[in-house]
Visitor: 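I'd like to ask you about the structure that follows.
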Amino acid sequence: MRTRARLHDLSYLPLRRLLVVSRPALWINTVGTLVMGVWLTGRLYTLDPGVLALLLYLTLPFNLLIYGLNDLSDREEDARSSRKGGWQGARLTVAEGGPLLRATLAINLPALVALAVLLPPAASLLLAVSAVLFVAYSLPPLRLKGRPFLDGLSNVAYALPLALPALALPALALRGAVPWWPLLALMAYAVGKHAFDAAQDIPADREAGTRTVATVLGVRGTAAYALAWFAVAGALLLPVSLLTAAALWLTCGGMAVALLRDPTPVRAARLYPLSIVTPWIVGAVAGVGLVYLLARGLWTGL
């Protein structure tokens, strides 16, 4: 009877558990990117139903797609990782796998269909590309997480929400243009950050037999690789904002240099909290400057 009760209890996952899996501390990577994209259209805010629906979707549902599938596929590595089991990611039991997969699909598939109705085709297609990249990162047959260098390059999906408002609001966007310089900079940043964050997991990934950009390059090589991408990201921001480029170089470049000086997984783990807050720091610098220009009517687009 007790076994049956336990199985019944795991026929679904409570909202609290789904929230843990979705890693709310990282929602800034999706929600903040969309908000920045709205500002880049020349508006401080919008009441467009499609964009508001996007904003809601990029909270729990989309992050559950990103991290829920990732946790499902990484159970073996996560079981060996001391940082999992809290705000840095869930440590799933075998019994939670099926309920989590069902919940992820039940929340995401109807939402994506509804957004396809609300949004213009170009915005719907870009959102679908982002979702597919995250699925391909975690799940077979592609399982890009286990394909060195493709694992990080697929993380450009984090940057794509920046372009969604320009595609969803072409009549409002300045010249209807996608903000290419910030978009490319954010893509470069995402590739570098993925590599940097993977450095701390090298022992667990190697033990589990998972090949990543970090296991191939080692800690020192990964730090140098991440630093190169951060340098490119800052350079791409220069045409838009020198201050934002400097903030990115100081925070992201600084932590990469710190890891180069002490290239160990332990050092990478200690620097990881800084990596988590870099979107807040760089985003705040960019956002404050952009909002100031919008409020004064000085922003003319890219």
Side-chain angles (χ1 to χ4, degrees), residues 20-23 25-27 29-30 33 61-94 96-98 100-101 103-105 108 128-161 186-219 221-226 228-230 256 259 265 268-269 271-272 275-276 279:
V20 171
V21 172
S22 73
R23 308 184 197 181
L26 304 184
W27 288 8
N29 295 328
T30 52
T33 301
F62 197 53
N63 284 279
L64 192 61
L65 177 75
I66 297 171
Y67 302 114
L69 297 182
N70 183 68
D71 289 345
L72 276 172
S73 61
D74 286 354
R75 275 198 300 251
E76 188 175 350
E77 293 94 324
D78 291 347
R80 297 178 172 89
S81 177
S82 59
R83 71 185 180 94
K84 293 300 176 75
W87 66 272
Q88 296 188 44
R91 185 180 288 120
L92 297 176
T93 65
V94 173
E96 288 179 311
L100 176 58
L101 181 59
T104 301
L105 294 176
N108 277 274
V129 168
S130 183
V132 167
L133 283 173
F134 282 123
V135 171
Y137 177 82
S138 295
L139 299 184
L142 293 179
R143 173 73 167 147
L144 296 177
K145 172 164 183 183
R147 299 177 185 271
F149 299 100
L150 287 178
D151 54 353
L153 291 173
S154 69
N155 271 239
V156 299
Y158 278 107
L160 299 184
L186 190 54
M187 286 179 173
Y189 162 81
V191 177
K193 187 176 185 303
H194 170 272
F196 183 89
D197 292 349
Q200 64 189 311
D201 293 325
I202 288 176
D205 285 338
R206 283 178 173 168
E207 187 176 352
T210 301
R211 296 182 73 244
T212 68
V213 62
T215 63
V216 169
L217 295 178
V219 180
T222 300
Y225 181 75
W229 281 106
F230 293 146
L259 186 58
L271 288 166
Y272 181 66
S275 177
I276 290 294

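Every value quoted in this text rests on a predicted model; they were computed, and no experiment measured them. Just so you know, residue 1 is the first one in the sequence shown, and it goes up from there.
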Visitor: Quick one: list whatever passes side chain to side chain donor-acceptor pair (under 3.5 Å) with N63, sequence neighbours left out.
Guide: T30
Visitor: Taking all non-hydrogen atoms of both residues into account, name the closest pair between S22 and Y67 and its distance.
Guide: O-CD1, 3.5 Å
Visitor: Write down the atom of A136, the atom of L142, and the distance for their closest heavy-atom approach.
Guide: CB-CD1, 3.8 Å
Visitor: To the nearest 0.5 angstrom, please state how far the OH atom of Y189 sits from the CH2 atom of W229.
Guide: 14.5 Å
Visitor: Using the test side chain to side chain donor-acceptor pair (under 3.5 Å), find all partners of S154 that sit at least two apart in sequence or belong to another chain.
Guide: none
Visitor: Kindly give the heavy-atom pair with the smallest separation between R147 and P141, and that separation in Å.
Guide: NH2-O, 3.4 Å
Visitor: Mind checking what makes side-chain contact (heavy atoms from CB on, under 4.5 Å) contact with A198, not counting sequence neighbours?
Guide: A214
Visitor: Students often mix this up, so state it plainly: with edges at 30° and 60°, are the rings of H194 and Y137 parallel, tilted or perpendicular?
Guide: perpendicular
Visitor: To the nearest 0.5 Å, what is the distance between CG (N70) and CZ (R23)?
Guide: 5.5 Å
Visitor: Just by distance, no angles: are the side chains of S275 and D197 close enough, under 3.5 Å, to form a donor-acceptor pair?
Guide: yes
Visitor: Holding to side-chain contact (heavy atoms from CB on, under 4.5 Å), I want the full list of residues that pass it with T33, two or more places apart in sequence or in another chain.
Guide: P161, L162, L186
Visitor: Could you tell me which residues satisfy ring-ring contact (aromatic ring centres under 6.0 Å, His included) with F196, sequence neighbours excluded, listed by chain and number?
Guide: none
Visitor: What is the minimum heavy-atom distance between A195 and A226, and which atoms define it?
Guide: CB-CB, 4.4 Å
Visitor: Sequence neighbours left out, what passes ring-ring contact (aromatic ring centres under 6.0 Å, His included) with F134? Give chain and number order.
Guide: F62, Y158
Visitor: Compare all side-chain heavy atoms of R143 with those of S73 and state whether any distance is below 4.5 angstrom.
Guide: yes
Visitor: Looking only at heavy atoms, which two atoms of T210 and T215 are closest? And how far apart?
Guide: O-CG2, 3.7 Å
Visitor: Please identify each residue that fulfils side-chain contact (heavy atoms from CB on, under 4.5 Å) with A103, with sequence neighbours left out.
Guide: L18
Visitor: Output all residues satisfying side-chain contact (heavy atoms from CB on, under 4.5 Å) with V216, sequence neighbours left out; order by chain, then residue number.
Guide: P148, F149, R211
